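Please read these numbers as outputs of a predicted model, since none were measured by experiment.
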Amino acid sequence: SRVEREDVLDFLGTAGEEVFLELTDKITLRQPQEALLMLEQILADGKDVRQFMKDWLSHYRNLLITKFIKNPEDMLNLSPENVDRIRRQSDSLDLADINNAIIELSRTMSEAKWSTQPRILLELCMVKMATDLIDPAGAAPRMVPRTAPPAASTTIKTQSPDQVDASAPAEGQTHPD
């Protein structure tokens, strides 16, 4: 019997390049639901979540390399067909998006190294990447709400102690006049 490429990938718990191309497209198109459902299927097929993160990070590295190297085939150790597919995807992405993805995936891999729930960390990473929760520098999530602020009638005003009018009676008390 002959051993096929898919047999080797299954044995190693890794996914083929087409999986990373498609998943990266879903992230780029800001489709977190589709990306999460795709991850669900990948992991249900027996892929190891930590190996998957490493392989996806390698895919983003490949995107970065093809942005700058004219003939990256030797450097990437990929077929010419896959290099062409990666180059097309790389050309469609901003360098900042590739950079942010590399930083976020690297951070997630580091956190997942000792976690008992690496899958949850990867899912959170994917949601961040697909919903712009990463600031442009790739640092921390933005704290800006995506919805309009509450109406003025629902705003509660607070005073600091130095703003309190000392001559006004305390709540429940009356002036001694």
(request) Give a yes or no answer on whether the side chain of S92 reaches the backbone of Q89 with a donor-acceptor pair at less than 3.5 Å. (result) yes
(message) Would you say L124 ends up clustered with F52 if hydrophobic residues are merged whenever their side chains have heavy atoms under 4.5 Å apart, either directly or through other cluster members?
(response) no
(request) Please tell me if the side chains of W56 and T24 come closer than 4.5 Å, counting only heavy atoms from C-beta onward. (result) yes
(message) Taking L121 as the starting point, is it possible to reach W114 by hopping between hydrophobic residues whose side chains are less than 4.5 Å apart?
(response) no
(message) What I want to check is whether the side chains of Q51 and D55 have a donor and an acceptor closer together than 3.5 Å.
(response) yes
(request) Spell out, yes or no, whether L43 and M38 are grouped together once hydrophobic residues are joined by side-chain heavy atoms under 4.5 Å, including indirect joins. (result) yes
(message) Considering only residues two or more places apart or on different chains, which pairs with a residue in residues 56-65 satisfy salt bridge (charged side-chain N to carboxylate O under 4.0 Å, His left out)?
(response) none
(request) Please name the pair of heavy atoms, one in Y60 and one in L105, separated by the smallest distance, quoted to 0.1 Å. (result) CD1-CD1, 3.6 Å
(request) With sequence neighbours left out, write down each residue that passes side chain to side chain donor-acceptor pair (under 3.5 Å) with R85, or none if nothing qualifies. (result) N82
(request) Provide the full list of side-chain hydrogen bond (donor to acceptor under 3.5 Å, both in side chains) pairs with a residue in residues 62-76, sequence neighbours left out, each pair given once. (result) T66-S90
(message) Going by the rule side chain to side chain donor-acceptor pair (under 3.5 Å), which residues pair with Q117 if we only count those two or more places apart in sequence or in a different chain?
(response) none
(message) Taking salt bridge (Lys or Arg N to Asp or Glu O under 4.0 Å) as the definition, give me every residue that meets it alongside E22, ordered by chain and number, with sequence neighbours left out.
(response) K26
(message) List the residues meeting side chain to side chain donor-acceptor pair (under 3.5 Å) with D84, not counting sequence neighbours, and say none if there are none.
(response) none
(message) Counting C-beta onward and ignoring hydrogens, is there a side-chain heavy-atom pair between C125 and R107 closer than 4.5 Å?
(response) no
(message) Do L95 and I69 land in one hydrophobic cluster if side-chain heavy atoms of ILVMFWY residues count as linked below 4.5 Å?
(response) yes
(request) Not counting sequence neighbours, which residues clear side chain to side chain donor-acceptor pair (under 3.5 Å) with S79? List them please. (result) E81
(request) Write out all pairs satisfying side-chain hydrogen bond (donor to acceptor under 3.5 Å, both in side chains) with one or both partners inside residues 27-36, taking only residues at least two apart or from two chains. (result) R30-D132
(message) So, taking the atom named CD1 in I98 and the one named CG in L64, what distance separates them when rounded to the nearest 0.5 Å?
(response) 6.0 Å
(message) Can you list everything that forms a side chain to side chain contact (heavy atoms under 4.5 Å, CB included) with M53? Sequence neighbours excluded, please.
(response) V49, R50, T108, M109, A112, P118, L122
(request) With sequence neighbours excluded, tell me which residues meet side chain to side chain contact (heavy atoms under 4.5 Å, CB included) with S106. (result) L57, I102
(message) Are M126 and I27 packed together at the side-chain level, in the sense that at least one heavy-atom pair is separated by less than 4.5 angstrom?
(response) yes
(request) State, with a plain yes or no, whether a side-chain heavy atom of I86 is found less than 4.5 Å away from one of H59. (result) yes
(message) So, using salt bridge (Lys or Arg N to Asp or Glu O under 4.0 Å) as the criterion, who are the partners of R119 when residues are at least two apart?
(response) E40, E123
(message) Please tell me whether L39 and I120 are part of a single hydrophobic cluster in this structure, the criterion being side-chain heavy atoms less than 4.5 Å apart.
(response) no
